[in-house]
Amino acid sequence: MLFFSYFKELVGREVTVELKNDLAIRGTLHSVDQYLNIKLENTRVVDQEKYPHMLSVRNCFIRGSVVRYVQLPPEGVDVELLHDATRREARGG
């Protein structure tokens with residue numbers, strides 16, 4: 001639940017999602033659920049030459065199980081909040 005709560009705070013911000021098949025998609029985070037399924041709007045592919053068939057995709061739903069990484073904007077990362085939440089999670093509280 002730690003990451004779900006954190007990602008909910010990032011709704012409306014631009015993120016880059018890298019999938020397990022090496023496709024990286026940048027877009028505005030519209031929603032995320034408890035399974036870390038992600039809906040992006042205003043998307044664009046990072047490597048457009050490698051994935052030209054994805055140029056027309058503007059909105060997408062990404063199943064959480066195919067996500068490798070989510071790159072966050074630097075200003076969107078509250079390191080202290082993450083440290084505190086991680087400590088609470090480790091203690092079971």
Hits for salt bridge (charged side-chain N to carboxylate O under 4.0 Å, His left out) against Arg63, two or more places apart or cross-chain, chain-then-number order -> none
Sequence neighbours excluded, the answer for side-chain contact (heavy atoms from CB on, under 4.5 Å) partners of Thr28 is Asn42
For Leu36 and Phe7, the nearest pair of non-hydrogen atoms, with its separation, is CD2-CD1, 3.9 Å
On a heavy-atom basis, the closest approach of Val45 and Gln48 is O-CG, 3.2 Å
When you measure from the side chain of Thr43 to the backbone N and O of Val57, does any donor-acceptor pair fall under 3.5 Å?
yes
- prompt: Any side-chain heavy-atom pair from Leu10 and Leu72 closer than 4.5 angstrom?
  reply: yes
Rounded to the nearest 0.5 Å, the NE2 atom of His30 sits from the CD1 atom of Ile38 at a distance of 13.5 Å
Applied to residues 30-56, the salt bridge (charged side-chain N to carboxylate O under 4.0 Å, His left out) test, sequence neighbours excluded, yields Glu14-Arg44
Taking CZ in Phe61 as the centre, count heavy atoms belonging to other residues, nucleotides or ligands within less than 6.0 Å. Is the count above 12? yes
The side-chain contact (heavy atoms from CB on, under 4.5 Å) partners of Thr16 (sequence neighbours excluded) come to Ala24, Arg26, Val46, Gln71
Hits for salt bridge (charged side-chain N to carboxylate O under 4.0 Å, His left out) against Glu18, two or more places apart or cross-chain, chain-then-number order -> Arg68
Note: Val67 and Lys20 closest approach over all heavy atoms is O-CE, 3.8 Å
